[in-house]
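I have placed the structure first, in the form of structure tokens, so that the comments after it can refer back to it.
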Amino acid sequence: MTVPLLDLKAQFDEIADDIRAAIDAVLESQQFILGPVVGDFEHAVASYCGVAHAVGVSSGTDAILASLMAIGIGPGDEVITTPYTFFSTAGCISRLCARPVFVDIDPRTFNIDPAKIERAVTDKTKAIIPVHLFGQCAEMDPVLEIARKHRLRVIEDAAQAIGAKYKGRDAGCMGDLGCFSFFPSKNLGGFGDGGMVVTNDPELAETVRMLRAHGSKPKYYHSIIGGNFRLDALQAAILRVKLRHLNSWTEGRRRNAALYDELLAELPVVTPHIEQHNFSIYNQYVIRVEERDRLRSFLKDKGVGTEIYYPLPLHMQKCYEHLGYHQGDFPEAEKAAADSLAIPIYPELTDEQQRYVASQIASFFQNRASSP
Ligand SMILES: *Cc1c(COP(=O)(O)O)cnc(C)c1O
């Protein structure tokens, strides 16, 4: 049996007719950049999340970049975030000539440890970017409390967390700005790149709207310097169709997670810890295991796809040597990079496939036990 890490074709087959009709409508209109289709999708996302404003942009990365630009981040500023995330969270800070300041993670959730944030605040700190990793929200109450106390902005990197909840509040809608990604492997994935900035602040929303079109309003009159961060109509049309299925896909992922929790319970692996007050959308199901690399290649031989999110924490990346961090600075992030493994969790996964994955993991440990 083969079980890929993700099977986008299975998802596409279920909705192909609706997607083709939506694409066709855009082709007939020949309006490809922004326009009413993007506007409709923005409204749909805003109402899905219960937030006042949603601004479609070209990627999750550009959502973060435009959000940082909207709050005026620039040279000399410091922005606190986690070293255990996709690169773009920190990369966007650096691109604005500001400095990413890392804070270690809580090993149970992989998210930024709020107890360690305050000691990283300096008089240069302007913002915090908590990342809701793998579909589970970071611990937002203490993050927001520290931000209030020190007058910092909060940008949520919710690229992996659309539809996730923290104490009943929606991912992306708790801080000043929230960033979604529609990269194909995200829970709501386009047929290319796409992203969204959400906010309840009308001024920030307007600024992001201007920034995505080179800071212009009206056209050809530039009061600020922005970029080309626009979402295109084809992606918006596809995503609008897919959004209608998002809740049922989330339920599928949650059902699969519950089955894995059960099937893996007796094995020497740590299954995901989801806080009681969190509703995870399981963008990834990440287990922790000693001998992670051996297990990974064993599963590969058995036809099971896995991935390592992320093999090298950001403070140890070559491009960040100049920040002056060292190995050992963020031990929990370093440990997670060494022992975490994402296994297939996509909604279309069958019961049989999941049982196969679990039984192969079990047989890995049986083989280890019986060989010296
Ligand atoms: C995917 C991702 C991004 C970037 O999104 P893109 O759409 O690929 O630019 C940023 N942060 C996190 C945590 C992500 O997972």
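Counting starts at 1 for both ligands and their atoms, in listed order. Just so it is clear, the values below take in all heavy atoms, side chains as well, and ignore hydrogens, waters and symmetry mates.
When the shell of 6.0 Å around NE2 of His322 is examined, it contains more than 12 heavy atoms from other residues, nucleotides or ligands. Residue Lys167 places its NZ atom among more than 12 non-hydrogen atoms of other residues, nucleotides or ligands, all under 6.0 Å distant.
In summary, the aromatic rings of Tyr320 and His315 are positioned with their centroids too far apart to meet the 6.0 Å limit. Ring-centre distance between Phe134 and Phe110: below the 6.0 Å cut-off.
Taking a heavy-atom cut-off of under 4.0 Å, ligand 1 is surrounded by Ser59, Gly60, Thr61, Ile64, Thr85, Phe86, Ser88, Thr89, Val131, Asp157, Ala159, Gln160, Ser181, Phe183, Lys186, Gly194.
Only one option out of Arg209, Arg230, Arg240 pairs with Glu42 in a salt bridge (charged side-chain N to carboxylate O under 4.0 Å, His left out); it is Arg209.
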Step by step, would you call Ile80 with Val121 a side-chain contact (heavy atoms from CB on, under 4.5 Å)? CA-CA 8 Å; Ile80 291 172; Val121 174; 3.8 Å; yes

